There are 2 protein chains.
Amino acid sequence: MKVGELARESGLAPSRIRFYEREGLIGSIDRGPNGYRQYSRGTRQLLEIIVMAQQAGFSLGEIRNLLPPHGKGDWSKDKLVAALKTKVIEVAALQRRLSETQAGLEAVIARIEARPPGGDCFENAEAVLADLRDQVKAG
Amino acid sequence: MKVGELARESGLAPSRIRFYEREGLIGSIDRGPNGYRQYSRGTRQLLEIIVMAQQAGFSLGEIRNLLPPHGKGDWSKDKLVAALKTKVIEVAALQRRLSETQAGLEAVIARIEARPPGGDCFENAEAVLADLRDQVKAG
DNA sequence: CTTGACCTTGAAGTTCACTTTAAGGTTAGG
DNA sequence: CCTAACCTTAAAGTGAACTTCAAGGTCAAG
C-alpha cells in the first residue's frame, strides 16, 4: 500500500503521514525498488492509535514516548498502563474544568439575558466576573 | 497603572498584555506624557474576561469578534449571547467526547492488564481498536 | 512517447499565541 | 550624577503540528 492509498484509507493527508514518519512516530518503512514507501495494514492501525491518542490529549511527543519500541512487539506494558492511568486522571480533571466552564457560561448568559437592553455592560461584567471567580474557586 | 503593575495584578506577562493590545483585543490605551501606557481598572477586568474566554475555548480571534465595540458600552448583547450559547453546545460536545475517551482509556487499561506478560501486543491492539471504534460510534 | 497522476526529497511556509531581543527613553533612590 | 529598574518600539524567535513548494523520478494509459 502506497502513501496515497493509506492516506485515503486513514483520512490523513500524505504529508501528515510522512511528517509522522519524520517525527519518529512510525518506525522505518519498507520501500519498493522504486523508492516508494510500502505500508502494511499495521501502519494503518498505528495511525489510528496515534490519532486516538491525540484526541485523548496526548501530544506527538508523548505519543512517541509511549510507543517507542517500534522495532518489535512489547510496548513496555507497565509504562503504557501507567501513562494511560495518568491520562485518565488528567481527562477527569479536564472534565471538571469543563463543567465549571459550562456553569460559568450559563451564568453569564442568564445574567446578560436578565438585563433589559440598556444598562452599562461593564458594570454587569464586574458582577459576572465575581460570580465566575466564586464558581471557579468553589469548583 | 503602568504595564508592570497590571501584569503583576493580572498574572499575565507585560509582553502578553501588549500583544493583546496589538491584536486589537484591548482598545486604545491612555498614555502618560512620557509615552507610558496608563491602564484603568477596566482593563484588568477586560483581561480577566479574555483569559476566561480563552479557558472556555475561544480563540483570540473569536474573542476579538465578541467584544469589538470597545469604543463604548454595549457589547452587542445578542451576538454575545448567541456566541456563548454556541460555545455551551461545543463544550457539551467536548464533554461527551471526553467521556468516550475516558471509557476508551479504561477499556484499554483493562485489556492490557488482563493479558499475561507474553502475547503479541499488536494483536491486542487490533482488538482494542475494535472496541474503541465501537465505543466511539455508540457514544 | 507523451500526458497525467502518482511518488521522492529537503526546505521553506503557515497559524496560533506568545516571548525574546535589540536599542533605546524615563524615573526613583543613594 | 549614576545606577537599576522601569518603560518604549519593531522585529525576530519559539514550538506545535502540519502544509506547501520546488525539482525531480515513476508508471499506466492512449
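Lettering follows sequence order; numbering is per chain, from 1. Every value quoted in this text rests on a predicted model; they were computed, and no experiment measured them. The figures that follow rest on heavy atoms only: side chains count, while hydrogens, waters and symmetry mates do not.
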Separation of [X] atom [atom1] from [N] atom [atom2], in whole Å?
X	N	atom1	atom2	value
A:Arg16	C:dG13	CZ	C1'	18 Å
B:Phe19	D:dA11	CZ	C1'	14 Å
B:Ile17	D:dC7	CD1	C1'	13 Å
A:Arg64	D:dC18	CZ	P	12 Å
A:Leu25	D:dA17	CG	C1'	11 Å
B:Glu21	C:dA17	CD	C1'	17 Å

For a side chain to side chain contact (heavy atoms under 4.5 Å, CB included) check, start with the C-alpha distance between B:Leu6 and B:Leu47, then their side-chain angles and the critical distance, and finish with the verdict. CA-CA 10 Å; B:Leu6 179 59; B:Leu47 286 179; 3.8 Å; yes
For B:Arg41, all residues meeting side-chain contact (heavy atoms from CB on, under 4.5 Å), sequence neighbours excluded: none
Sorted by chain and residue number, the side-chain hydrogen bond (donor to acceptor under 3.5 Å, both in side chains) partners of B:Gln38 (sequence neighbours excluded) come out as none
By side-chain hydrogen bond (donor to acceptor under 3.5 Å, both in side chains) - contacts of A:Tyr20 (at least two apart): A:Arg16, A:Gln54
Co-membership, hydrophobic cluster, residues B:Val51 and B:Leu25, 4.5 Å side-chain: yes
Please check if A:Met1 and A:Phe19 belong to a single hydrophobic cluster, counting links between Ile, Leu, Val, Met, Phe, Trp and Tyr side chain heavy atoms closer than 4.5 Å. yes
DNA chain C contacts made by residues 5-12 of chain B, counting heavy atoms under 4.0 Å: none
Does a nitrogen or oxygen in the side chain of A:Tyr20 sit under 4.0 Å from OP1 or OP2 of D:dC18? yes
For the student: nearest non-hydrogen atoms of B:Tyr39 and B:Glu21, plus distance: OH-OE1, 4.0 Å
Using nucleotides 8-10 of chain C, report all nitrogen or oxygen pairs with the protein that are shorter than 3.5 Å.
unit_1: C:dT8; atom_1: OP1; unit_2: A:Arg37; atom_2: N; d: 2.7
unit_1: C:dT8; atom_1: OP1; unit_2: A:Arg37; atom_2: NH1; d: 2.9
unit_1: C:dT8; atom_1: OP2; unit_2: A:Arg18; atom_2: NH1; d: 2.6
unit_1: C:dT8; atom_1: OP2; unit_2: A:Arg37; atom_2: NH1; d: 3.3
unit_1: C:dT8; atom_1: O5'; unit_2: A:Arg37; atom_2: NH1; d: 3.4
unit_1: C:dT8; atom_1: O3'; unit_2: A:Arg31; atom_2: NH1; d: 3.3
unit_1: C:dT9; atom_1: OP1; unit_2: A:Arg31; atom_2: NH1; d: 3.3
unit_1: C:dT9; atom_1: OP1; unit_2: A:Arg31; atom_2: NH2; d: 2.8
unit_1: C:dT9; atom_1: OP2; unit_2: A:Arg37; atom_2: NH1; d: 2.9
unit_1: C:dT9; atom_1: OP2; unit_2: A:Arg37; atom_2: NH2; d: 2.5

Salt bridge (Lys or Arg N to Asp or Glu O under 4.0 Å): which pairs involve residues 3-15 of chain B, sequence neighbours left out? B:Glu9-B:Arg44
Nearest heavy atom decides the nucleotide; on that basis, is A:Pro33 or B:Lys2 closer to the 5' end of DNA chain D? B:Lys2
Report the distance from atom CD1 of A:Ile50 to atom CZ of A:Arg64, rounding to the nearest 0.5 Å. 10.5 Å
